[in-house]
Protein chains: 4
Amino acid sequence: MTDPSTAHATVQTAVRTALSTQRIETPSWGYGNSGTRFKVFAQPGVPRDPWEKIADAAKVHEFTGVAPSVALHIPWDTVDDYAALAKYAEEHGIALGTVNANVFQDDAFMLGSVTHPEAAVRRKALDHLFGCVDVMDAIGSRDLKLWFSDGTNYPGQDDIRERQDRLAEALSTVYDRLGRDQRLLLEYKLFEPAFYSTDVPDWGTAYAHCLKLGDKAQVVVDTGHHAPGTNIEFIVATLLREGKLGAFDFNSRFYADDDLMAGAADPFQLFRIMYEVVRGGGLTPDIAFMLDQCHNIEAKIPAIIRSVMNVQEATAKALLVDRDALAAAQRSGDVLDANAVLMDAYNTDVRPLLAEVREGMGLAPDPIAAYRRSGWQEHIAAARVGGTQAGWGA
Amino acid sequence: MTDPSTAHATVQTAVRTALSTQRIETPSWGYGNSGTRFKVFAQPGVPRDPWEKIADAAKVHEFTGVAPSVALHIPWDTVDDYAALAKYAEEHGIALGTVNANVFQDDAFMLGSVTHPEAAVRRKALDHLFGCVDVMDAIGSRDLKLWFSDGTNYPGQDDIRERQDRLAEALSTVYDRLGRDQRLLLEYKLFEPAFYSTDVPDWGTAYAHCLKLGDKAQVVVDTGHHAPGTNIEFIVATLLREGKLGAFDFNSRFYADDDLMAGAADPFQLFRIMYEVVRGGGLTPDIAFMLDQCHNIEAKIPAIIRSVMNVQEATAKALLVDRDALAAAQRSGDVLDANAVLMDAYNTDVRPLLAEVREGMGLAPDPIAAYRRSGWQEHIAAARVGGTQAGWGA
Amino acid sequence: MTDPSTAHATVQTAVRTALSTQRIETPSWGYGNSGTRFKVFAQPGVPRDPWEKIADAAKVHEFTGVAPSVALHIPWDTVDDYAALAKYAEEHGIALGTVNANVFQDDAFMLGSVTHPEAAVRRKALDHLFGCVDVMDAIGSRDLKLWFSDGTNYPGQDDIRERQDRLAEALSTVYDRLGRDQRLLLEYKLFEPAFYSTDVPDWGTAYAHCLKLGDKAQVVVDTGHHAPGTNIEFIVATLLREGKLGAFDFNSRFYADDDLMAGAADPFQLFRIMYEVVRGGGLTPDIAFMLDQCHNIEAKIPAIIRSVMNVQEATAKALLVDRDALAAAQRSGDVLDANAVLMDAYNTDVRPLLAEVREGMGLAPDPIAAYRRSGWQEHIAAARVGGTQAGWGA
Amino acid sequence: MTDPSTAHATVQTAVRTALSTQRIETPSWGYGNSGTRFKVFAQPGVPRDPWEKIADAAKVHEFTGVAPSVALHIPWDTVDDYAALAKYAEEHGIALGTVNANVFQDDAFMLGSVTHPEAAVRRKALDHLFGCVDVMDAIGSRDLKLWFSDGTNYPGQDDIRERQDRLAEALSTVYDRLGRDQRLLLEYKLFEPAFYSTDVPDWGTAYAHCLKLGDKAQVVVDTGHHAPGTNIEFIVATLLREGKLGAFDFNSRFYADDDLMAGAADPFQLFRIMYEVVRGGGLTPDIAFMLDQCHNIEAKIPAIIRSVMNVQEATAKALLVDRDALAAAQRSGDVLDANAVLMDAYNTDVRPLLAEVREGMGLAPDPIAAYRRSGWQEHIAAARVGGTQAGWGA
């Protein structure tokens with residue numbers, strides 16, 4: 001029989017190891033300007049090109065130690081020489097990660113991209129997706145993330161079912177183009193920018209398509225892309241059980257796809273999600289943990305650092321759940337005890353633990369404070385003058 | 001080239017044929033008392049046993065001509081001699097239809113039925129499901145409809161993923177028990193009575209289970225079981241495309257699972273759903289069109305007649321959509337024209353057409369008025385005195 | 001005793017009169033480009049200045065006969081000479097209507113306008129509002145419509161209650177500046193662009209402020225600005241009862257503030273709203289009936305014509321409700337009959353009636369077809385080349 | 001200048017005082033059986049009459065020290081001798097608190113109580129409300145809490161506006177009957193059991209009525225009675241600013257009015273609400289802090305103890321917010337810092353602080369454990385056998 005204190009120490013070690021080896025990918029576009037349809041407010045020091053975005057992403061990793069890669073968005077991050085971009089990233093201590101395709105901003109895509117009624121437009125969209133795989137090949141990226149804004153605004157506008165046929169054909173074509181170690185990650189979203197029907201509106205649709213495509217096709221859960229009242233952790237548990245969870249896009253929301261900092265709107269929900277990840281064996285490199293956020297009014301780099309920390313805190317709490325006690329209470333049908341075991345972990349203040357983990361990694365215990373002390377914000381505000389700031393949106 | 005007026009006549013004939021051969025199954029429990037957790041209000045003349053429910057269901061068919069079967073709910077409709085019950089129905093001009101299992105009202109099922117943590121409780125639930133198949137065998141029913149209230153009220157209460165394992169095992173066991181021409185219809189529901197997690201909360205979950213079970217397992221769409229903002233017709237189109245739509249439970253709602261008369265809350269939505277049914281080839285006997293409603297404060301039989309009529313009107317409008325014009329507008333990317341073609345059908349007053357169809361079937365043109373003239377309501381109010389009214393709920 | 005057929009004829013005359021004298025104001029910005037945060041798609045022929053917007057608005061009135069004014073948005077519609085603009089409108093057969101203030105696109109307003117923590121920013125916002133009243137004075141406008149994007153994205157970002165104090169002060173200051181026959185119309189909205197708290201999020205907040213301001217302050221109901229499940233017609237009935245309904249911003253939505261064509265997403269809801277307007281005596285010039293929509297992917301002028309027609313159809317159905325029969329059924333507690341009386345009006349195809357009304361006004365019976373025949377769309381597509389199209393958004 | 005450590009000690013003392021003097025009222029019906037429309041599951045030891053409910057409520061106070069009163073629900077808690085009931089409560093160390101009226105379970109109220117179309121039914125409802133005030137007089141209760149299930153299920157069923165007239169008349173009549181130190185607390189709820197329109201659906205409606213009634217009429221915020229996405233703390237802040245917040249009904253929900261344990265579904269929301277209470281000066285006896293919950297599947301007494309503790313923890317965190325630092329960050333427009341100050345308090349583990357507070361009050365630090373050790377649960381399970389358990393619902 002194991003000595004309880006030894007067991008406790010073992011758990012603690014495992015928790016610390018898990019926390020120090022966690023990997024959270026940050027989005028290149030999160031460093032640029034963003035906004036709503038009403039206004040994009042510019043901020044000082046915002047990057048003007050992919051190189052500057054990478055420099056910012058490197059800072060997030062420098063102070064958190066768990067954000068060693070940055071996701072690209074094509075064509076926002078188009079450069080002439082991707083090998084040079086990858087080398088640049090490496091020199092800054094990070095890697096280029098997931099490639100995100102953008103088939104929603106070309107004028108041709110007003111009524112759809114891969115599901116557009118016209119074959120010529122669909123071809124144009126496919127060509128863009130192939131180009132994204134080319135970028136992956138060039139930078140050694142594993143994952144192609146596909147989110148389609150495709151849908152309709154009015155009943156009758158297009159045939160819902162034919163659009164599924166067109167979608168299936170496009171996905172299959174792209175899937176066939178993937179290299180042996182490359183994956184297709186399919187993201188769903190309830191609505192916006194399409195307001196009546198969306199072609200991949202829910203996890204069921206993404207799952208059904210991925211199932212037909214094969215093992216290299218996986219579903220992406222963006223935590224802001226659900227109808228009100230949706231139990232997201234149920235979806236996470238289900239997709240893990242089905243072997244079809246490929247990635248997360250973390251962010252938080254009060255209403256729709258608000259793209260606020262992860263954990264800012266409902267930290268308890270983020271904890272419940274991370275608990276299902278831990279419980280389902282999902283804390284592995286096979287699941288890509290990414291942020292996908294818009295820092296419309298707050299400073300971008302510290303907002304991303306805060307988001308990384310929020311994911312870390314939710315993960316720490318999830319790791320601290322006493323799984324044996326929980327299972328015992330669940331088996332006995334003691335609703336209150338089972339809930340109490342989970343809440344006990346959630347109510348724990350894990351910030352001291354994470355500070356220790358950071359110190360063990362040679363980092364400052366408070367990444368936000370360290371970033372502020374670093375002078376980087378002042379540096380970029382002064383240096384990045386002139387030119388056009390990177391941004392996205394209308 | 002076809003003469004336009006001939007083409008029009010052909011369409012009209014097809015529409016009338018489709019409307020006169022449509023089949024809508026009514027629910028035995030819809031004739032009984034129902035209510036909310038706050039109160040069940042009793043109504044005069046409500047049936048006191050399955051036989052009286054069948055007599056009421058027969059009246060709905062007598063005046064509408066399109067409701068030739070009634071669904072049973074076990075154990076609410078338990079009788080000693082099912083063959084006699086089936087014969088009684090036949091004598092009244094209708095058939096017994098789908099068998100609905102009830103594994104949510106036995107005291108043992110407080111924390112779940114087929115997903116309960118205890119094997120003994122799961123066994124008890126399975127035995128009930130087997131009993132339902134026995135009833136199907138006895139009455140010659142094709143469809144076993146399974147809705148599970150299983151879920152949890154509090155985070156941590158039970159293991160979300162293990163409950164899926166238990167569910168999969170139970171479904172598989174029941175599936176194996178089905179006869180060659182019998183089907184398992186799996187219904188999903190967002191929430192209620194479980195308030196944190198529900199074990200079959202959405203179409204994706206039902207679909208994933210049915211896919212593994214096999215061809216005889218199909219998904220049921222209850223129009224009141226979705227999160228706010230869910231595009232139900234998209235789900236209908238998708239399930240038809242996948243060959244996995246087995247049945248509808250029609251009703252309407254403004255908020256949650258209000259179980260109001262079909263078409264009462266959002267007639268345009270019901271039309272859009274029926275359009276996808278028609279467009280997807282779903283107006284066949286392979287799809288069971290059922291009502292599942294609670295007439296808490298309105299007279300039950302006329303409410304069911306009204307619901308049947310509302311489904312008919314939505315179907316008529318869906319059949320009247322000019323599919324060629326719609327396809328042409330969709331192909332050309334004319335958003336307004338495509339929408340206008342659909343709305344043109346929706347804005348048509350189809351009540352005269354349906355009155356004609358009814359007269360062609362030898363029925364009165366206004367089923368509600370005919371029912372009122374029949375004196376049935378006065379008869380049952382006077383005759384069904386004493387005994388305990390059938391009802392459901394807490 | 002009145003002869004029934006005479007009574008019927010009287011009702012019909014009243015309905016036709018009401019329909020031919022209805023007034024719906026169209027929004028200048030609806031003629032310009034719009035979109036989502038993801039993309040604004042440009043369309044050919046879109047106006048490049050307020051003068052061209054007015055020309056387009058005049059076309060809508062020319063073909064519908066019930067859209068005799070156009071609302072301005074300042075600073076989008078800023079011109080040097082407002083008297084000239086008003087004269088230009090008059091020459092085109094329409095008037096300038098409501099003045100809409102825009103205090104959400106200046107860089108200073110990132111964290112708020114009239115509720116901003118800094119007094120200097122609040123002053124700047126107030127100055128803009130005063131400028132809007134100046135425009136009203138110049139063009140003889142009655143109504144100042146105020147919608148504030150003010151709010152916060154994160155809990156703690158600002159003090160919710162102090163923002164109310166600041167709001168109250170600003171409203172009071174503007175109210176005092178109004179002329180004797182001018183009104184302040186306060187619009188509420190659940191969320192967007194603020195994602196955590198919005199300073200005027202619901203009708204209760206707008207009502208409470210208007211009550212304190214006085215008789216010239218009234219609430220605006222934008223049909224797309226509510227939480228899911230909100231009964232908008234209840235709010236309309238309540239505000240009419242309180243004498244505090246000042247105006248409508250019509251549009252429709254499936255999810256959030258989608259700004260689709262009025263009546264496109266839920267025509268039954270629009271009918272219910274118009275029924276409460278009619279029943280509450282709101283079909284008067286004291287209530288401003290405006291459209292506020294974004295035609296992101298459909299042709300703008302015909303989309304606005306369609307929206308006007310949709311409002312007309314809902315109004316016609318509302319006017320056709322047999323109020324005596326409804327009241328009788330309601331008094332007797334006959335739920336089904338009362339509902340049937342209302343649905344009977346809704347299910348009526350009022351398009352022939354409206355065609356007749358139009359012909360009685362000397363108009364073509366089908367405004368969309370007439371607009372298309374007019375050649376205006378081809379004219380503006382050819383003429384409005386070069387320059388910058390009007391638009392709004394990020 | 002104050003020494004920081006002295007200031008800190010002062011804050012700590014104030015926090016402890018606030019926590020030890022907090023008052024949370026528990027609901028008599030929370031100790032009884034409850035359920036959904038699908039099933040009420042009975043539990044062992046559940047009270048069979050008001051006296052036994054009081055004994056249970058006394059236990060909650062015994063172990064928490066902050067639940068010194070129990071709310072009654074009439075007629076569920078009808079007794080012959082209210083003075084004796086009050087004395088019984090006093091002997092058990094608690095007081096009788098708010099009187100809740102129930103005008104939703106009598107057969108006469110199927111279509112409404114105070115808003116029913118028939119005057120005789122309205123009179124019956126009013127008589128019941130008068131009876132409730134009689135009970136208040138008898139037991140010395142300050143608050144009459146009114147929640148009306150009144151509403152309609154179908155459009156057209158009744159006249160929305162006339163129902164407001166009837167409501168206003170009834171409220172005014174009851175208000176006039178109140179004693180000098182008695183209050184009328186008006187509760188709103190979005191929906192259920194009415195599914196189309198509810199006569200008091202939102203805070204705006206309750207506020208408008210209370211405003212007209214006078215100072216003794218105040219609004220009740222039930223945390224489960226809002227549309228999805230509603231910012232409840234905004235409503236709390238607004239009502240406090242208006243001097244119209246009278247009471248809370250705490251509970252939590254994931255979907256609709258789930259009536260789960262307070263703080264169980266969204267503890268961060270409960271914290272934000274309590275922060276606005278603290279910030280708005282609402283932590284006074286003028287605001288009644290009540291629970292209103294249904295423990296359908298969990299043991300009732302410990303569930304109520306847990307709920308009390310959850311409210312305490314949210315209050316403690318709210319009290320710990322560094323208001324000066326928050327105000328400074330807000331004034332400077334530092335979104336991230338302001339949010340961080342609030343989150344710092346939320347992320348604090350306040351359970352040790354509350355354990356200390358309890359020990360300072362002479363209580364066990366863990367009320368749940370203490371209750372379990374007490375043997376009360378075993379006692380009531382053994383003693384309360386025979387008779388009919390108290391319960392509510394259909």
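A, B, ... follow the sequence lines: proteins, then strands. Residue 1 opens every chain. This one's a predicted model, so the numbers in the text were calculated from it and none came from an experiment.
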- Nearest heavy-atom contact between D:C294 and B:R37 is SG-NH1, 3.7 Å
- Task: Counting only heavy atoms closer than 4.5 Å, note whether D:D257 contacts chain B via side chain, backbone, both or neither.
- Result: both
- Could you have a look at D:M261, D:E192, D:R253, D:M110 and say which one has the most heavy-atom pairs with chain B under 4.5 angstrom? D:M110
- Task: Looking only at non-hydrogen atoms, find the nearest pair between D:P228 and B:P228 and report the distance.
- Result: CG-CG, 4.4 Å
- Query: Between B:Y154, B:Y196, B:F195, which is the residue that forms a ring pair (Phe, Tyr, Trp, His ring centres under 6.0 Å) with D:F254?
  - Reply: B:Y196
- Item | Toward chain B, the part of D:L111 with a non-hydrogen atom under 4.5 Å | side chain
- Message: Between B:D107 and D:K39, does any NZ, NE, NH1 or NH2 come within less than 4.0 Å of an OD or OE carboxylate oxygen?
- Response: yes
- Part of D:N102 within contact of chain B (heavy atom distance under 4.5 Å): neither
- Message: Please give me the minimum heavy-atom distance between B:L260 and D:N153, naming the atom from each residue.
- Response: CD1-O, 3.4 Å
- Give the minimum heavy-atom separation between B:I297 and D:Q157, together with the two atoms involved. CD1-OE1, 3.4 Å
- Looking at B:W29, B:W147, B:F109, which one forms a ring pair (Phe, Tyr, Trp, His ring centres under 6.0 Å) with D:F38? B:W147
- Message: I'd like to know if the side chain of B:Y255 reaches the main chain of D:A256, judged simply by a donor and an acceptor atom lying under 3.5 Å from each other, with no hydrogens or angles considered.
- Response: no
- Bottom line for D:P155: the part with an atom under 4.5 Å from chain B's heavy atoms is side chain
- Is chain B contacted by the side chain of D:E298, its backbone, both, or neither, given a heavy-atom distance below 4.5 Å? side chain
